[in-house]
Amino acid sequence: MSEPMKTLLAPDRNPSLEKYLARGGYASYQELFKKSPKEVVDMVSTSGLRGRGGAGFPTGRKWSFIPEKSQRPKYVVCNADEGEPGTFKDREILEGNPHLLIEGMVACGYAIGSNQGYIYIRGEFYAGYLRCVEAVKEARAKGYLGQSINGKFAFDIIVHRGAGAYICGEETALLDSLEGERGQPRLKPPFPAVEGLFRGPTVVNNVETFASVPLLLINGLDWYKSFGSPNNYGPKLFAISGNVTKPGVYELPMGISFKDFIYKTAGGLPKGRTLKAVIPGGSSTSLLLPKQIDIPLDYDSIAKAGSSLGSAAIIVIDDSNCMVMTAKILTEFYHHESCGKCTPCREGLSWIEQIYHRLESGQGKASDIPLLLDLCDQIVGNTFCPLADGAVPIIHDTIIHFRSEYEAHIAGKCCEQKH
Ligand SMILES: Cc1cc2nc3c(=O)[nH]c(=O)nc-3n(C[C@H](O)[C@H](O)[C@H](O)COP(=O)(O)O)c2cc1C
Ligand code: SF4
């Protein structure tokens with residue numbers, strides 16, 4: 001079993017600049033400013049770092065899309081909106097290690113030729129907001145941010161609080177919200193790299209993605225690639241919740257055994273319980289069954305098993321849970337968070353939620369099961385943004401794998417789970 005690491009995570013939750021400097025904080029600037037911007041982009045590309053926000057898009061490639069010359073200012077935007085059920089890893093960095101995030105954003109600014117960064121943080125993360133504001137102030141006071149970083153480069157950061165909408169984690173909705181508009185997804189293309197914040201070329205990356213960059217700069221490519229396997233490199237944060245005895249955020253090398261992570265690192269299931277299913281990457285990813293988790297915990301292995309590592313938020317579901325109610329609760333979340341821009345999401349999720357309420361109250365009909373599957377079919381691929389696609393897997397998968405529980409609800413009783 002791999003032991004938890006402490007590189008992205010601070011040893012304690014007091015993120016003062018003094019402590020950070022004592023741990024070697026801001027040392028990456030020495031490496032950063034020795035390189036040309038292009039060399040930094042190349043290094044990030046060669047490292048194979050993949051975005052930690054959900055889609056796993058290669059970070060170096062994203063940075064390389066930013067045009068060298070631009071009539072409008074370029075921007076670095078940190079997506080700290082972390083709102084998907086089960087996902088709570090970025091909060092650890094925001095509250096416990098904000099200077100690492102600042103250091104990573106400066107590296108990105110230098111690499112793409114931007115002088116202004118924004119941290120867009122979800123409204124509910126008030127402690128994280130205060131710590132980021134404080135960290136930005138401290139960094140400015142010591143010259144780690146500002147007009148003349150290392151006498152070479154100007155970069156500053158504004159910390160902006162969202163109002164607590166899951167859709168504002170979608171990168172273009174985030175940009176609209178940051179501009180003061182209602183947070184709704186934009187039509188793509190143009191992608192943010194071409195026309196992003198205030199119509200300038202913009203990199204939007206996840207908190208953990210930025211925080212990974214200083215570690216790469218300080219420790220080098222060989223160190224970074226010593227964790228994981230090709231296409232799946234690096235130390236990584238995993239949030240684990242649900243029915244395990246030691247839930248929390250763990251930093252582990254990519255590619256450790258998924259099964260060991262649940263049963264050893266996270267303490268296994270409560271006594272006497274058996275595993276029913278696992279959601280491996282946040283509530284929008286497909287269920288894995290117990291027989292499917294004897295695999296490495298990385299992007300490609302989870303994809304091969306039929307799901308996605310997503311935001312690396314693992315939700316463990318034991319036999320005390322009713323799968324119909326699990327799907328109902330998550331559907332309520334997605335319906336509530338629908339921004340209302342497109343009909344299949346706005347109306348479809350509302351209709352699905354009504355069906356679940358029927359099933360819950362014993363008023364369900366046999367035709368509800370095919371109706372739910374049909375509604376899922378009509379949503380997938382037919383909406384303006386991926387929010388609604390993400391609502392479907394839990395509905396579809398619980399019907400396919402746990403149909404008898406739906407039938408029990410229709411027969412007028414809750415499924416016969418031991419509670
Ligand atoms: C509905 C929805 C919510 C999202 N929420 C987040 C989020 O909270 N944090 C995040 O980093 N990415 C989120 N994303 C993904 C972003 O759109 C974007 O891909 C990501 O910020 C890019 O960063 P990365 O390349 O570092 O992963 C969300 C996407 C969707 C469709
Ligand atoms: S899929 Fe849902 S969240 Fe996305 S644009 Fe359409 S209504 Fe809004």
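Both ligands and their constituent atoms are indexed starting at 1 by order of listing.
- If you look at atom 4 (Fe) of ligand 2, the protein N, O or S atoms less than 2.8 Å from it are Cys385 SG.
- Interface of Thr209 with ligand 1, defined as ligand atoms under 4.0 Å from a residue heavy atom, comprises 24 (P), 26 (O).
- Using a 4.0 Å heavy-atom cutoff, Gly83 is listed among the residues neighbouring ligand 1.
- Sparse packing is recorded around NE2 of His336, with 12 or fewer heavy atoms of other residues, nucleotides or ligands lying under 6.0 Å away.
- Classification of Glu353 and Lys328 as a salt-bridged pair fails, no side-chain N sitting under 4.0 Å from a carboxylate O.
- The environment of NZ in Lys142 is sparse: at most 12 heavy-atom neighbours from other residues, nucleotides or ligands sit within 6.0 Å.
- Taking every non-hydrogen atom of Lys62 and a distance limit under 4.0 Å, the qualifying atoms of ligand 1 come out as 22 (C), 23 (O), 24 (P), 25 (O).
- Within a 6.0 Å radius of CD in Gln147, other residues, nucleotides and ligands contribute 12 heavy atoms or fewer.
- In terms of polar-atom proximity, Leu387 is not counted as a contact of ligand 1, lacking any N or O under 3.5 Å from an N or O of the ligand.
- Cation-pi geometry between Arg50 and Tyr299 is met: under 6.0 angstrom from the ring centre, within 45 degrees of the axis.
- Residue Asp90 has no nitrogen or oxygen atom sitting less than 3.5 Å from a nitrogen or oxygen atom of ligand 1, judged on distance alone.
- Interface of Val204 with ligand 1, defined as ligand atoms under 4.0 Å from a residue heavy atom, comprises 22 (C), 23 (O).
- The atoms of ligand 1 that sit less than 4.0 Å from any heavy atom of Arg52 are 26 (O), 27 (O).
- The ligand atoms of ligand 1 that sit less than 4.0 angstrom from a heavy atom of Glu171 are 16 (C), 17 (O), 18 (C).
- Every heavy atom of Cys385 sits 4.0 Å or more from the atoms of ligand 1.
- Relative to atom 16 (C) of ligand 1, the option among Gly169, Ser284, Gly53 with the closest non-hydrogen atom is Gly169.
- Atom NZ of Lys259 is surrounded by 12 or fewer heavy atoms from other residues, nucleotides or ligands within 6.0 Å.
- Note that Lys276 lies in the cation-pi zone of Phe402, set by a 6.0 Å cut-off to the ring centre and a 45° limit from the axis.
- Of all the heavy atoms of Asn205, the ones lying under 4.0 Å from any atom of ligand 1 are found in both the backbone and the side chain.
- Separation of atoms SG (Cys132) and CD1 (Ile158) is listed at 14.0 Å; rounding is to 0.5 Å.
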